[in-house]
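All of these numbers come straight from a predicted model, not from anything done at the bench. Only heavy atoms go into these numbers, but all of them, side chains included; no hydrogens, no water, no symmetry mates. Along the sequence shown, residues carry numbers from 1.
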Amino acid sequence: MTKIIGAPTLDDALAALAAQVKERESRGGKNLIFCEDKLTLLAERAVLQSSGGTMLTEVSSFSRFLRADRKILSKQGSVMAISAILAACEGELGCFRKNAAQAVYETIAQLSASRVDAAALRASAEQAEGLLRLKLCDLALVFERYEAFLHERELLDENGYLALLPEKIASGALADTHVFFFAFPSFTAQARE
């Protein structure tokens with residue numbers, strides 16, 4: 001059953017969350033609260049203040065919940081990998097340089113979240129001209145090498161870990177657990193999906 005609780009302020013949302021968790025704990029129910037990393041401490045404090053301490057409730061971000069299943073490369077690690085790829089491809093690239101690693105990674109992360117892959121970038125590059133064509137070709141090359149890097153090291157990009165969630169749910173990991181999505185509007189579009 002899905003229940004949506006609206007709250008005008010963060011304090012109101014924390015109070016509503018604490019009340020819901022306390023009510024379920026009073027009946028012996030297990031709880032799992034998903035929220036963004038920046039809100040986990042606030043949610044934990046609200047729950048502990050309400051219940052006085054519990055072993056029935058866990059507060060987690062999606063990445064923390066899924067971390068044990070596979071090695072996840074952090075954003076900083078990804079930027080470093082992209083920087084190394086840019087340096088290694090220097091003679092092959094028409095636009096990007098090593099100092100563009102942060103922007104290139106963020107672009108690749110956004111493309112991945114939109115389900116755009118290197119092949120789609122190459123196809124788009126064939127239809128483009130000039131600087132746009134060069135940028136799309138560069139992105140496709142870096143994207144391919146980045147995916148190869150992840151595959152070789154059996155890593156998962158931090159932005160791709162959500163693909164593991166349906167399998168984890170199907171495995172029964174959340175059986176008999178009340179799941180809360182705290183501050184749902186703060187989730188990224190990919191996390192909301």
Side-chain angles (χ1 to χ4, degrees), residues 2 4 10 33-41 60-171 173-174 179 181-193:
T2 302
I4 298 173
L10 181 58
I33 302 165
F34 284 119
C35 59
E36 292 297 311
D37 276 327
K38 62 186 174 197
L39 295 175
T40 55
L41 184 58
S60 181
S61 63
F62 289 121
S63 63
R64 211 179 319 160
F65 180 71
L66 296 166
R67 193 162 302 247
D69 293 346
R70 219 151 137 211
K71 294 184 285 184
I72 298 174
L73 186 62
S74 69
K75 181 178 178 178
Q76 294 83 3
S78 295
V79 171
M80 290 172 60
I82 295 291
S83 180
I85 291 167
L86 289 171
C89 295
E90 198 164 357
E92 301 173 63
L93 298 173
C95 293
F96 300 128
R97 301 290 174 254
K98 186 178 176 182
N99 62 351
Q102 177 83 33
V104 170
Y105 172 70
E106 288 175 7
T107 302
I108 287 173
Q110 289 174 0
L111 291 168
S112 293
S114 300
R115 302 201 183 10
V116 175
D117 60 9
L121 289 172
R122 289 212 183 278
S124 295
E126 289 175 14
Q127 298 175 11
E129 298 176 0
L131 188 58
L132 178 58
R133 181 185 185 104
L134 285 174
K135 286 183 178 183
L136 289 172
C137 287
D138 282 3
L139 274 174
L141 177 64
V142 174
F143 203 160
E144 288 167 346
R145 301 245 174 120
Y146 179 62
E147 287 177 332
F149 167 84
L150 293 172
H151 182 72
E152 288 168 10
R153 288 162 178 80
E154 297 180 356
L155 294 169
L156 188 63
D157 182 274
E158 184 176 69
N159 291 305
Y161 66 85
L162 287 172
L164 301 174
L165 190 58
E167 184 179 316
K168 180 111 175 186
I169 291 170
S171 75
L174 299 177
V179 179
F181 298 97
F182 179 67
F184 187 77
S186 72
F187 291 178
T188 64
Q190 187 181 16
R192 284 193 299 264
E193 183 182 324

Can you list the residues that meet the side chain to side chain donor-acceptor pair (under 3.5 Å) rule with [X], with sequence neighbours excluded?
{"X": "Asp37", "answer": "Ser61"}
{"X": "Arg122", "answer": "Glu144"}
{"X": "Gln110", "answer": "none"}
{"X": "Gln102", "answer": "Glu106"}

Just how far is it from atom [atom1] of [X] to atom [atom2] of [Y], taken to the nearest 0.5 Å?
{"X": "Met80", "Y": "Tyr105", "atom1": "CE", "atom2": "OH", "result": "13.5 Å"}
{"X": "Thr40", "Y": "Glu36", "atom1": "OG1", "atom2": "CD", "result": "10.0 Å"}
{"X": "Ser112", "Y": "Asp157", "atom1": "OG", "atom2": "CG", "result": "6.5 Å"}
{"X": "Leu10", "Y": "Phe182", "atom1": "CG", "atom2": "CZ", "result": "5.0 Å"}
{"X": "Glu147", "Y": "Ile85", "atom1": "CD", "atom2": "CD1", "result": "10.0 Å"}
{"X": "Gln127", "Y": "Arg133", "atom1": "CD", "atom2": "CZ", "result": "10.0 Å"}

Atom of [X], atom of [Y] and distance for their closest heavy-atom approach:
{"X": "Ser78", "Y": "Leu73", "value": "OG-CD2, 3.5 Å"}
{"X": "Phe65", "Y": "Ser60", "value": "N-OG, 3.2 Å"}
{"X": "Ala183", "Y": "Ser186", "value": "O-OG, 2.7 Å"}

With sequence neighbours left out, what residues match [X] under side-chain contact (heavy atoms from CB on, under 4.5 Å)?
{"X": "Ser124", "result": "Leu136"}
{"X": "Ala120", "result": "Val116, Asp117"}
{"X": "Thr107", "result": "Leu111, Leu139"}
{"X": "Asp138", "result": "Leu93, Cys95, Phe96"}

Partners of Phe62 by ring-ring contact (aromatic ring centres under 6.0 Å, His included), sequence neighbours excluded? Phe34, Phe187
Hey, can you tell me if Phe184 and Phe181 have their rings parallel, tilted or perpendicular (30° and 60° cut-offs)? perpendicular
May I have all residue pairs that pass side chain to side chain donor-acceptor pair (under 3.5 Å) and include part of residues 79-96, sequence neighbours excluded? Glu92-Arg145
Set out, in order, the CA-CA distance, both residues' side-chain angles and the distance that settles side-chain contact (heavy atoms from CB on, under 4.5 Å) for Phe149 and Ile82, then state yes or no. CA-CA 10 Å; Phe149 167 84; Ile82 295 291; over 6 Å; no
